[in-house]
Amino acid sequence: MEIAIIGPGRIGGNIARRLARAGHQTTLSFSRDEAKLRGLADDIGGGVATPEDAVAGAEVVVISVPWGAIPEALAQAGPLAGKIVIDTTNQFGSGPMPAEGQTAAAFNAGRMTGARYTKSFNTLTSAFQERTADRPPDTRVVQWLCGDDEQAKHVVSGLIEQAGYAPVDLGGTEGCAVMEAPRRPGAVYGEEWRLPEALEVVTAVREGQPIPDTPQY
Ligand SMILES: NC(=O)c1ccc[n+]([C@@H]2O[C@H](COP(=O)([O-])OP(=O)(O)OC[C@H]3O[C@@H](n4cnc5c(N)ncnc54)[C@H](OP(=O)(O)O)[C@@H]3O)[C@@H](O)[C@H]2O)c1
């Protein structure tokens, strides 16, 4: 697939590298340092383009910038209508914030008009994501995802798997608070989960019950 990475830093850079290795065409974009962008693109066999051009040519758009840089990234990216978006961001720092009780995913989906929005790759540190990709099946790390477009989530689940993780769908954007910052008891954010236990979390979230305790691996 043609994949645009808006913000190929620690999280976006790892995603770009892993998806390029899986055979996807990646286009890197949105950096204050053109040489750095080119260096990574050369290293992984990807391209470089303006956000607008990268998005225009992509089926999937990864948005992986600091929260405060989202408005600028979206302005430069242009229309996202019809594009599958993977949002890795967390609501730290400056910039417009979700309303009380609104998830960051629902808030961001609302400012990406027409996008086939998903959120993933946001719960684990970049170092941990780099270190744990491609583990054998029984110890694979879960990358949670949420979104309101089932087909988009199906595509993104496939990409997560190809990137070396176990995708687990938590449901829609309104109900995904457990995968959002901050790290706290009763949430999966900031914690390692593997498949069997993660599926119990999905059931609990669906039923509106507290999730199981964080597993110790
Ligand atoms: N780091 C983690 O462990 C982690 C874990 C999960 C989720 N996240 C979330 O994922 C998102 C990306 O995090 P990250 O740690 O990958 O960030 P990062 O390493 O700082 O990367 C940010 C990317 O955005 C680009 N960028 C363009 N304009 C920018 C600007 N004005 N200010 C800052 N960056 C700009 C940066 O390019 P240049 O630097 O080349 O300009 C870089 O490619 C954040 O929302 C974060 O909350 C992070």
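As the structure lists them, so they are numbered: ligands from 1, and atoms in each ligand from 1.
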Worksheet item: Applying the side-chain hydrogen bond (donor to acceptor under 3.5 Å, both in side chains) test to T88, which of S64, S120, S126 qualifies?
Response: S64
Fill in: Lys/Arg-Asp/Glu bridge criterion (N-O < 4.0 Å) met for K119, E180
yes
Would you tabulate the polar-atom pairs, meaning N/O of ligand 1 against N/O of the protein, with distances under 3.5 Å, reported to 0.1 Å?
{"unit_1": "ligand 1", "atom_1": "3 (O)", "unit_2": "S126", "atom_2": "N", "d": "2.8"}
{"unit_1": "ligand 1", "atom_1": "10 (O)", "unit_2": "T88", "atom_2": "O", "d": "3.2"}
{"unit_1": "ligand 1", "atom_1": "10 (O)", "unit_2": "T88", "atom_2": "OG1", "d": "3.1"}
{"unit_1": "ligand 1", "atom_1": "15 (O)", "unit_2": "R10", "atom_2": "NE", "d": "3.1"}
{"unit_1": "ligand 1", "atom_1": "15 (O)", "unit_2": "R10", "atom_2": "NH2", "d": "3.2"}
{"unit_1": "ligand 1", "atom_1": "16 (O)", "unit_2": "R10", "atom_2": "N", "d": "3.1"}
{"unit_1": "ligand 1", "atom_1": "16 (O)", "unit_2": "I11", "atom_2": "N", "d": "2.8"}
{"unit_1": "ligand 1", "atom_1": "19 (O)", "unit_2": "R10", "atom_2": "N", "d": "2.9"}
{"unit_1": "ligand 1", "atom_1": "19 (O)", "unit_2": "R10", "atom_2": "NE", "d": "3.0"}
{"unit_1": "ligand 1", "atom_1": "32 (N)", "unit_2": "R32", "atom_2": "NH1", "d": "3.3"}
{"unit_1": "ligand 1", "atom_1": "34 (N)", "unit_2": "R32", "atom_2": "NH2", "d": "3.4"}
{"unit_1": "ligand 1", "atom_1": "39 (O)", "unit_2": "R32", "atom_2": "NH2", "d": "2.9"}
{"unit_1": "ligand 1", "atom_1": "39 (O)", "unit_2": "K36", "atom_2": "NZ", "d": "3.2"}
{"unit_1": "ligand 1", "atom_1": "40 (O)", "unit_2": "S31", "atom_2": "OG", "d": "2.5"}
{"unit_1": "ligand 1", "atom_1": "40 (O)", "unit_2": "K36", "atom_2": "NZ", "d": "3.1"}
{"unit_1": "ligand 1", "atom_1": "41 (O)", "unit_2": "R32", "atom_2": "N", "d": "2.7"}
{"unit_1": "ligand 1", "atom_1": "41 (O)", "unit_2": "R32", "atom_2": "NE", "d": "2.7"}
{"unit_1": "ligand 1", "atom_1": "41 (O)", "unit_2": "R32", "atom_2": "NH2", "d": "3.4"}
{"unit_1": "ligand 1", "atom_1": "43 (O)", "unit_2": "P8", "atom_2": "N", "d": "3.2"}
{"unit_1": "ligand 1", "atom_1": "43 (O)", "unit_2": "G9", "atom_2": "N", "d": "3.2"}
{"unit_1": "ligand 1", "atom_1": "45 (O)", "unit_2": "V65", "atom_2": "O", "d": "2.8"}
{"unit_1": "ligand 1", "atom_1": "45 (O)", "unit_2": "N90", "atom_2": "N", "d": "3.4"}
{"unit_1": "ligand 1", "atom_1": "47 (O)", "unit_2": "N90", "atom_2": "N", "d": "3.4"}

Item to complete: Report yes or no: does D149 contribute a side-chain atom to a donor-acceptor pair with the main-chain N or O of T118 at less than 3.5 Å?
Response: no
Worksheet entry | Test side-chain hydrogen bond (donor to acceptor under 3.5 Å, both in side chains) applied to D87 - qualifying residues, sequence neighbours left out | T89, N108, Y117
Worksheet item: Do Q102 and E174 have side-chain N/O donor and acceptor atoms under 3.5 Å apart?
Response: no
Discussion item. Do H24 and Q162 pair up side chain to side chain, a donor and an acceptor below 3.5 Å, judged on atom types alone?
Written reply: yes
